[in-house]
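In what follows, chains carry the letters A, B, and so on, assigned in the order in which the sequence lines appear, proteins first and then strands, with residues in each chain numbered from 1.
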Amino acid sequence: MPELPEVETTRRGIQPHIEGRVVKKLVVRQPSLRWLVPEELPAIVKGQRIASVERRAKYLLLGFTKGTAIIHLGMSGSLRIIKATEPPMAHDHVDWILEDGRALRFTDPRRFGCLLWQGKGEAQHALLASLGPEPLSSEFDGELLYQRSRNRKSPVKTFIMDNKIVVGVGNIYANEALYAAGIRPDRAAGSISRKRYLCLAEEIKKVLAKAIEQGGTTLRDFVGGDGKPGYFKQELMVYGRGGQPCRHCRKLLTEVRLGQRSTVYCRACQR
DNA sequence: ATAATCACCTGCTCGC
DNA sequence: TGCGAGCAGGTGATTA
């Protein structure tokens, strides 16, 4: 479900409801997520105030005086605000019960998500330590892509999805940005010119920013923290459209697999 | 160091 | 209608 725009949409949806609130109780029904939820976490956060709700890459960070809760939504995770009395459904693994009678509920059928803890003063969590720049920040640009791609033989699509290069570019938006930039996804990253990388970086920024504006892409059942679906799906040019006509030239879009991920592009518009 | 593959898990769609 | 195969928004770990 979530790529960066969906995670950011979630963050914006839940922040007004939980920031500044005190955690009355953390209920972990299913600790077995991608990594085990730390056993001691409920005791650590009980009675603690959520001071901040931030995002780094696709991680959501709940800031406390004593440390930071690190949440990832994986492929199928979501967070929403509920009444604390709402009975849990099958994949409702964690509830952050607040003192105002509501709760932040984490749901994740596939359990690829995680909930971890980094205590204040501990070294930065390994998951966050070697991440590349945020795609919407000024640290990320075409020059960086150009420099980092020299001598790389892997496909450019795989390259821009590598979170050591830049974070937050998932399969949907990688496909979309490459289409917008007119670059074939299977070209070797090292064979692409500086000029084309400048264009690609701009398109990555544009597609992500636009998707955030629209509240993310709802494919199956993604909803933001406010329960509203995303509206970006109607803007997709290639993702999920293999075999259908290119919206620009009407030729049929090609679908291939690159690094186990479905990849769709136009053989005429992308070179 | 880089590239390719595997693994984690449930649910849904498709073809027979 | 039922059943196995394959696929899905992510990404760390493992293998060449």
Distance check, P atoms only: C:dG9 and B:dC14, in whole angstrom units. 16 Å
Expressed in whole Å, how much space separates the P atoms belonging to B:dC9 and C:dC3? 24 Å
In whole angstrom, what separates [X]'s [atom1] from [N]'s [atom2]?
{"X": "A:I160", "N": "C:dT11", "atom1": "CD1", "atom2": "C1'", "answer": "16 Å"}
{"X": "A:L236", "N": "C:dG9", "atom1": "CG", "atom2": "C1'", "answer": "11 Å"}
{"X": "A:K164", "N": "C:dG12", "atom1": "NZ", "atom2": "C1'", "answer": "9 Å"}
{"X": "A:K153", "N": "B:dA3", "atom1": "NZ", "atom2": "C1'", "answer": "9 Å"}
{"X": "A:L4", "N": "C:dG10", "atom1": "CG", "atom2": "P", "answer": "10 Å"}
{"X": "A:D162", "N": "B:dT5", "atom1": "CG", "atom2": "C1'", "answer": "15 Å"}
{"X": "A:F159", "N": "B:dA3", "atom1": "CZ", "atom2": "P", "answer": "9 Å"}
{"X": "A:R257", "N": "C:dG6", "atom1": "CZ", "atom2": "P", "answer": "11 Å"}

Face-to-face stacking of A:F112 with B:dC8, centres under 5.5 angstrom, angle under 30°: yes
Could you tell me whether the phosphate oxygens of [N], OP1 or OP2, come under 4.0 Å of any side-chain nitrogen or oxygen in [X]?
{"X": "A:T158", "N": "B:dA3", "value": "no"}
{"X": "A:K58", "N": "C:dT11", "value": "yes"}
{"X": "A:N163", "N": "C:dT11", "value": "no"}
{"X": "A:Y239", "N": "C:dA8", "value": "no"}
{"X": "A:S154", "N": "B:dA3", "value": "yes"}

Name the residue closer to the 5' end of DNA chain B, choosing between A:H91 and A:R34 according to the nucleotide with the nearest heavy atom. A:R34
Where the side chain of [X] is concerned, which of [options] is the nearest nucleotide?
{"X": "A:S262", "options": "C:dG9, B:dC9, C:dG10", "result": "C:dG9"}
{"X": "A:R152", "options": "B:dA3, B:dC6, B:dC8", "result": "B:dA3"}
{"X": "A:R261", "options": "B:dA3, B:dC9, C:dG10", "result": "C:dG10"}

Counting the atoms with a prime plus P, OP1 and OP2 as sugar-phosphate, which does A:Y173 contact under 4.0 Å by heavy atoms, base, sugar-phosphate, or nothing? nothing
Is a side-chain N or O of A:R49 found less than 3.5 angstrom from the main chain of A:G20, in a donor-acceptor match? yes
Carboxylate-amine/guanidinium proximity below 4.0 Å for A:R11 and A:E54: no
Assess whether a salt bridge exists between A:R12 and A:E8, defined as any Lys/Arg side-chain N lying under 4.0 Å from an Asp/Glu carboxylate O. yes
Reading DNA chain C from 5' onward, which residue's closest nucleotide shows up sooner: A:R110 or A:G168? A:R110
Judged by modelled atom types alone, do A:E19 and A:Q15 share a side-chain donor-acceptor pair under 3.5 Å? yes
Using distance alone, with no hydrogens and no angle criterion, decide if A:K157 and A:N171 have a side-chain donor and acceptor under 3.5 Å apart. yes
Pairing partner (Watson-Crick or G-U wobble, both distances under 3.5 angstrom) of B:dC9: none
Is there a Watson-Crick or G-U wobble partner for C:dG9 with both distances under 3.5 Å, and if so, which one is it? none
With respect to A:L116, which candidate in A:L33, A:V37, A:L127 satisfies the side-chain contact (heavy atoms from CB on, under 4.5 Å) definition? A:L127
